[in-house]
Amino acid sequence: MKKLINDPATVIHDALSGLAAAHPELRVDLDNRLVLRAEPPAPGKVALLSGGGSGHEPLHSGFVGLGMLDAACAGEVFTSPVPDQIVAATTAVDAGAGVLHLVKNYTGDVMNFEMAAELAAAETGATVLSVIIDDDVAVQDSLYTAGRRGVGGTVVAEKIAGAAAEQGRPLAAVAEVARTVNEHTRSMGMALTSCTVPAAGTPTFALGEDEMEVGVGIHGEPGRRRTALAPAKDVAAMLVEPILADLPFAKGDRVICFVNGLGGTPLLELYIVFGEVARILAAHGVEIARSLVGPYITSLEMAGCSVTLTKLDDDLLALWDAPVRTPALRWGV
């Protein structure tokens, strides 16, 4: 194992310390492993909170800031944050208008966020709503989930719901925006290599030099099939065609097209994949209204990518375009 770390036992603490040093506009609570905006939410603003296992950076900590999250909870690598962390974050950002939890559909995350919402309501009277993100079309159930996994759609939901909260919309309306994003979003990924969890020290799974995993999960869960390595145009078709068949998307639909890197794939290759995805969508009459390309929801150093499509209406498009200022996503300010 070759990694730029000090000790596997201190990876999360050291990474959060570095995040704090790099971004003074954030406040990092090292004891509770929380990342918050330096300035608390304005009174009456709905607070947006998410979190999950570390190792997927910049998700979630890199999306804390204007127009997105108010706080993020960092669990151990590929492990949900515990309820106490989530309660502490919920209490810290509650500005009197309620708190929305955006939760990826993994069993541990769903259970711990649900427990934390109940505890926060009992202890402080906080009003908490939760929206589960389950956009992955690859498999119905996996090692980590009951139902579809939450993957790239999480980034889109955090951005669009964050903009709705920034506008001053009430809790129920912000939650409805997040649910709409989830309903309008589909994703699928593939891997060329495994990743290595620092505490384990060995690859999570093995792939031959001429193999790839289609439909892989962001923790290395197996996907639909293992197959021979293929050119980017064929990989794009393997990812996009199941997405288009699942919703389905109609001719004339406008979408956000998000080609995500899983951590070990350079932008050179991600843009090749985006070009192939764009050609497929054009052939189906689907318009790319907005695009996002880069490593935004990663799996440590895994090589591979995912494709996420979000069907847009005028409101979702305006919310996507709204100003955002976070460490990992920034425009309009």
Side-chain angles (χ1 to χ4, degrees), residues 50-53 55-56 58-60 63 78-80 102-111 113 130-161 178-192 194-195 204-205 212-227 235-249 255-263 265 270 273 277 280-281 292-300 302-311:
S50 193
H56 302 306
L59 193 83
H60 299 273
F63 299 127
F78 294 176
T79 303
S80 171
L102 291 178
V103 186
K104 301 189 304 301
N105 189 34
Y106 297 95
T107 303
D109 294 68
V110 172
M111 178 179 66
F113 271 89
S130 296
V131 173
I132 307 297
I133 307 300
D134 58 354
D135 55 304
D136 189 358
V137 305
V139 290
Q140 180 60 38
D141 298 295
S142 76
L143 301 177
Y144 287 72
T145 65
R148 291 181 167 183
R149 303 176 290 216
V151 286
T154 312
V155 177
V156 182
E158 289 179 357
K159 168 64 187 78
I160 290 179
R179 279 190 287 269
T180 299
V181 171
N182 185 58
E183 290 165 2
H184 287 195
T185 300
R186 299 291 187 273
S187 300
M188 189 163 169
M190 57 78 62
L192 298 172
S194 178
C195 61
T204 303
F205 60 94
M212 61 183 185
E213 185 82 23
V214 178
V216 72
I218 57 173
H219 306 99
E221 312 99 302
R224 288 190 171 188
R225 66 187 185 276
R226 187 164 293 189
T227 187
V235 170
M238 291 178 196
L239 301 182
V240 175
E241 296 294 351
I243 291 173
L244 293 176
D246 192 88
L247 193 49
F249 292 80
V255 299
I256 298 168
C257 181
F258 171 24
V259 172
N260 175 64
L262 293 177
T265 296
L270 296 180
V273 173
V277 171
I280 295 169
L281 294 180
L292 186 66
V293 182
Y296 290 102
I297 173 168
T298 63
S299 185
L300 294 170
M302 185 183 289
C305 69
S306 61
V307 174
T308 296
L309 298 180
T310 300
K311 188 185 298 189

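Just so it is clear, the model here is predicted, and its values are computed rather than measured.
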Report yes if some heavy atom in the side chain of [X] is under 4.5 Å from a heavy atom in the side chain of [Y]; otherwise report no.
X	Y	answer
Leu281	Leu309	yes
Ser299	Phe78	yes
Leu292	Asn260	no
Met188	Val151	no
Met212	Leu192	yes
Arg148	Asp246	yes
Ser80	Met111	no
Cys305	Leu239	yes

Parallel, tilted or perpendicular for His219 and Tyr106, by the 30°/60° rule?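 Perpendicular.
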By side-chain hydrogen bond (donor to acceptor under 3.5 Å, both in side chains) - contacts of [X] (at least two apart):
X	result
Thr185	Thr310
Asp109	none
Glu183	none

I need the [X] [atom1] to [Y] [atom2] distance, nearest 0.5 Å.
X	Y	atom1	atom2	answer
Lys159	Thr154	NZ	OG1	15.5 Å
Ile256	Thr308	CD1	OG1	10.0 Å
Asn182	Asp135	CG	CG	6.5 Å

Any residue meeting side-chain contact (heavy atoms from CB on, under 4.5 Å) with [X], in chain and number order, not counting sequence neighbours:
X	value
Ala236	Glu276, Val277, Ile280
Thr265	Glu269, Leu270, Ala303
Thr180	Glu176, His184, Leu316
Ile132	Val103, Asn105, Val110

Enumerate the salt bridge (charged side-chain N to carboxylate O under 4.0 Å, His left out) contacts for residues 302-311, please, sequence neighbours excluded, ordered by first and then second residue. Asp253-Lys311
Under the salt bridge (Lys or Arg N to Asp or Glu O under 4.0 Å) test, which residues partner [X], sequence neighbours left out?
X	result
Arg226	Glu213
Glu158	none
Asp136	Arg149

Side-chain donor-acceptor pair present, Lys104, His56, cut-off under 3.5 Å: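 Side-chain D/A pair, Lys104 to His56: absent.
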Side-chain donor or acceptor of Arg224 paired with backbone N/O of Val214 under 3.5 Å: no
Give a yes or no answer on whether the side chain of Ser306 reaches the backbone of Gly189 with a donor-acceptor pair at less than 3.5 Å. no
Heavy-atom closest contact ([X] atom, [Y] atom, distance):
X	Y	result
Ala237	Pro242	O-CD, 3.8 Å
Ala191	Met302	CB-SD, 3.8 Å
Ser187	Gly153	OG-N, 3.8 Å
Leu262	Met190	CD1-O, 3.4 Å

Suppose we screen for ring pair (Phe, Tyr, Trp, His ring centres under 6.0 Å). Which residues come up paired with Phe113, at least two apart in sequence or across chains? His101
